[in-house]
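First comes the structure, then the notes that go with it.
Note that these values count all heavy atoms, side chains included, but never hydrogens, waters or copies made by symmetry.
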Protein chains: 2
Amino acid sequence: MDPGLTRCGIAVVDVDARRRAALVHVEVAGTPPTAPLDERLLRIDEAVSAVLAAHRPDRAAVERMFANTNTPTVLGTAQAAGVAIAAAARAGVPVGLHTPSEVKAAVTGHGDAGKEQVTTMVTRILRLDAPPRPADAADALALAIAHGWRGTALGAAAGQTGLDTADLASRAGRSQFAAKAPARARQRGQLTAAQRAWLDAERTAGGGRRR
Amino acid sequence: MDPGLTRCGIAVVDVDARRRAALVHVEVAGTPPTAPLDERLLRIDEAVSAVLAAHRPDRAAVERMFANTNTPTVLGTAQAAGVAIAAAARAGVPVGLHTPSEVKAAVTGHGDAGKEQVTTMVTRILRLDAPPRPADAADALALAIAHGWRGTALGAAAGQTGLDTADLASRAGRSQFAAKAPARARQRGQLTAAQRAWLDAERTAGGGRRR
């Protein structure tokens, strides 16, 4: 989820046992800036809740925000993010937070990649016929891919505690390495059996298949 | 509602036909800063939703935030506010926004009143035996009173569009003027028949009864 009051990107991807990511759903929800704030936030709440109910993802991710971000829209974005996170929590879906540079690193191999580079890689990774538009859709997809890949290695709990993203990024940049998709990882702070199995498999497997 | 992740003040007051405000409910919900963000926001969501379900207020109010607020907690506060506002909207309760100075002016007569002054006036207005603590409880009560008083004159819709608060403040400072409590004002942008009736009555009534 790439929150915003005017444009909230909501993307669902499926990461299979071979670490291959596929587009399941993407939409950009929102309301015009002239709408009352309560209606705007309710729209985000309803849109996120509808996607969660329809697709029942194992986990969700939202971009991590920083207090020193000082743009006119930062408060609205934070409010929308709060609503999106709470909607996921209410649906029993654990939420991971990723910095923009973590997401860029995961999908492009470079934490300082530009928007076009992210869009290009998202298009390639998901084998889409055309780049996803608008940018909010591509951003939400990139976040979903990054979180899905991270999850295949260490699950949602690790997303909160600092997995080595440089490693993920370099792998993402050079291959679509196959991985066993983890079972639902509702419990924080510990890996599921499937996640441990995948981790062991990854350690011994070494490289990966090029796309 | 005075949102915050650690301390979210939630207050319900009843403003009767004589503009007299009475305490119905007040609580401070929240989670320790060490809890995961999704759990923290879910707690706010559940606390606000429970109060709305239990007391079914006609309207709700949240403090209006400003983008130039640059404290370490501003993003968490904005996220909590977003969740609180969405919870109200989901429950069909219209949400008004008030600046801190509007609230201070309404309950003390001065937009630059200090926290103790606000607490003192809240204690007097609600005829409490002791000042409400912590400050988050008093702040939520002050906001509820300010919004309730404003509502008795012009309803929630006017809360969004700029009622003359100086006038409300001066009246609040000198009297607890009697007013017909408005019917539920679910429709935005227009006054209910009861609100129009009260407005007419207020215009002709002139002064008010001193407490």
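For the atom pair CD1 of B/I85 and CD of A/Q79, the computed distance is 5.0 Å after rounding to the nearest 0.5 Å. Taken to the nearest 0.5 Å, the CG atom of B/L37 stands 11.0 Å off from the CE atom of A/M65. Rounding to the nearest 0.5 Å places CZ of B/R90 at 8.0 Å from CG of A/L42.
The two residues A/A86 and B/V83 have their closest heavy-atom pair at CB-CG2, 3.7 Å.
Taking 4.5 Å as the heavy-atom cut-off, none of the residues of residues 133-141 of chain B approach chain A.
At least one donor-acceptor pair under 3.5 Å links the side chain of B/D38 to the backbone N or O of A/V95.
For the pair A/V74 and B/L75, the minimum side-chain heavy-atom distance is below 4.5 Å.
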